[in-house]
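Heads up, the thing below is written out as structure tokens.
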Amino acid sequence: MSVVREGGCACGAVRYRLASEPMFTHCCHCLNCQRQTGSAFVINLLIEADRVELLAGAPEPVDVPRDDGSTQRIFRCPTCQVAVYSNYGYAKVLFVRGGTLDDPSSIEPDVHIYTRSKLPWIALPDSAPAFEGYYDSKKLWPEASLERLEAVRAAATSGA
Ligand SMILES: [Zn+2]
Ligand SMILES: [Zn+2]
């Protein structure tokens, strides 16, 4: 039985509900995420785009440059400009920003990534694995989540 999670921007114009648990949750300590958030890290809930139900508003995409020359599409409330989710060039999977949940404490990261640029005063918990860079999702994700990701990819290639 999964928890119903809702969240939104600061002004309330954008509201969303997650139709299920995320596939996996990242805590990313990379420099791009630090710059984008103006903070120490970002918490990203990886979930199928069609499981993010918009209850109000229409987040607007902004393409933001990253250090590797690629861009990341960040969706912001058109009014208050708070970023609610993003994607990395693959529109079918959204990275919902954990801090925009009504109850951010309801989620814990499944993994800490890019810890090589982690701010030195942050102590990581023992409860989740940590990697200096990225990681192998096949080794870390639960089987059910890997199947969900596979289903998203299969739908994309069949044009659905
Ligand atoms: Zn807003
Ligand atoms: Zn990052």
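Computation of the quantities below employed the complete heavy-atom set of this structure, encompassing side-chain atoms and omitting hydrogens, waters and symmetry-equivalent molecules. All ligand and atom numbering here is 1-based and tracks the order in the structure. Along the sequence shown, residues are numbered consecutively beginning with 1.
S145 places no side-chain N or O within 3.5 Å of a backbone atom of W141 that could act as its donor or acceptor partner.
Listed by chain and number, C28 SG, C30 SG, C33 SG are the protein N/O/S atoms closer than 2.8 Å to the Zn ion (ligand 2), with waters left out.
The SG atom of C11 and the SG atom of C77 subtend an angle of 110° at the Zn ion (ligand 1), given to the nearest 10 degrees.
For the 3.5 Å distance criterion, the side chains of E60 and Q81 fail to qualify, holding no donor opposite an acceptor. With 3.5 Å as the limit, one finds a donor-acceptor pair spanning the side chains of Y16 and T100. Side-chain polar atoms of R73 and S86 form no donor-acceptor pair below 3.5 angstrom.
Considering only heavy atoms from C-beta on, S137 stays 4.5 Å or farther from F24 through its side chain.
No salt bridge links R5 with D102; every basic N to acidic carboxylate O contact stays at or beyond 4.0 Å.
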